[in-house]
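So the structure is just underneath, and the comments pick up after that.
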Amino acid sequence: MSDSSPVSATAPVLDVWCELQCPDCRSALDDLHALRDRYGDRLELRLRHFPLEKHRHAFAAAQAAEEALEQGQGWPYVEAVLGRVEELDRKGEAFLVDVARELGLDAEEFDTALIDGRHILVVDADQAEGKAIGVTGTPTYVVGGERLDGGKSQEGLRRRIEEIVDRLLAEEA
């Protein structure tokens, strides 16, 4: 999912394997904001779904994020949900629809999407790809063919991502 701004067709891609009920993913938002500020449209941030079984609302949240993307508010929705993971824990799917309403999205369409499962295949495909490349927890980043596991520690990850992106941009120039 990438919908924050137009991205250069040759921009490096940072896949962010995320789970919307994950406190570590919420902590990673500061790094993602810093990367957006530093690179702007020279780096594509792409949300990839990796819902964990231990969080019972994570799969529905991933589907809701895909609906938000279709409605043009993918990252704002993701950030709003991650900012309130405790509410998601308590309220479940009703909270996902409430966040959509708060952001001015079509909440009825969110509700329908969660019922009819129209985004399940995208979430399943992301999760399968994540498992295939060795993702075991969230957040995990993949950039320039390198996998960085943020589930163990965020320490130093942004610096490592910046090193890789700077190298990729220099190679492109």
Closest non-hydrogen contact found for Ala68 with Leu105 is CB-CD1, 4.2 Å
Between the side chains of Glu163 and Arg159, is the shortest nitrogen-to-carboxylate-oxygen separation below 4.0 Å, so that they form an ion pair?
yes
State the CG-CG distance between Asp126 and Leu121, to the nearest 0.5 angstrom.
11.5 Å
Arg84 and Glu102 ion-paired at < 4.0 Å:
yes
Nearest 0.5 Å please: distance from the CD1 atom of Ile120 over to the CD atom of Gln63.
4.5 Å
How about CD on Glu86, more than 12 heavy atoms from neighbouring residues, nucleotides or ligands closer than 6.0 Å, or not?
yes
In the structure I gave you, are the side-chain heavy atoms of Cys25 and Pro139 within less than 4.5 Å of one another anywhere?
yes
Stacked cation flag Arg147 on Trp17, 6.0 angstrom / 45 deg:
no
Within the side chain of Gln71, is there an N or O that forms a donor-acceptor pair under 3.5 Å with the backbone of Asp106?
yes
For residues His57 and Asp89, report the shortest heavy-atom separation together with the two atoms involved.
NE2-O, 3.6 Å
Given the rule in the salt bridge (Lys or Arg N to Asp or Glu O under 4.0 Å) test, do Arg167 and Glu171 qualify, once you have shown the distances and angles that lead to the verdict?
CA-CA 6 Å; Arg167 184 189 77 231; Glu171 290 171 1; 3.5 Å; yes
Partners meeting ring pair (Phe, Tyr, Trp, His ring centres under 6.0 Å) with Phe110 (sequence neighbours left out):
Tyr77
Can you name the nearest heavy-atom pair linking Ala80 to Val99, along with the distance?
CB-CG1, 3.7 Å
Take Arg118 and Thr112, measure what side chain to side chain contact (heavy atoms under 4.5 Å, CB included) needs, and give me the verdict at the end.
CA-CA 9 Å; Arg118 68 182 75 158; Thr112 301; 3.2 Å; yes
Short side-chain to backbone donor-acceptor contact, Thr140 and Thr136, under 3.5 Å:
no
Residues at least two apart in sequence or cross-chain that pass salt bridge (charged side-chain N to carboxylate O under 4.0 Å, His left out) with Glu53, listed by chain then number, are none
Within-4.5 Å side-chain heavy-atom neighbours: Pro51 and Gln21
no
Given side chains that start at C-beta, do those of Glu79 and Pro76 come closer than 4.5 Å, heavy atoms only?
no
For the side chain of Glu19 and the backbone of Phe50, is there at least one donor-acceptor N/O pair under 3.5 Å apart?
no
Run Tyr39 and Glu162 through side chain to side chain contact (heavy atoms under 4.5 Å, CB included) and show every step you take.
CA-CA 9 Å; Tyr39 296 105; Glu162 289 171 344; 3.5 Å; yes
A side-chain contact here means heavy atoms from C-beta on lying under 4.5 Å apart; do Glu146 and Ile164 qualify?
yes
Heavy-atom pair of closest approach, residues Ala61 and Leu88
CB-CD2, 4.1 Å
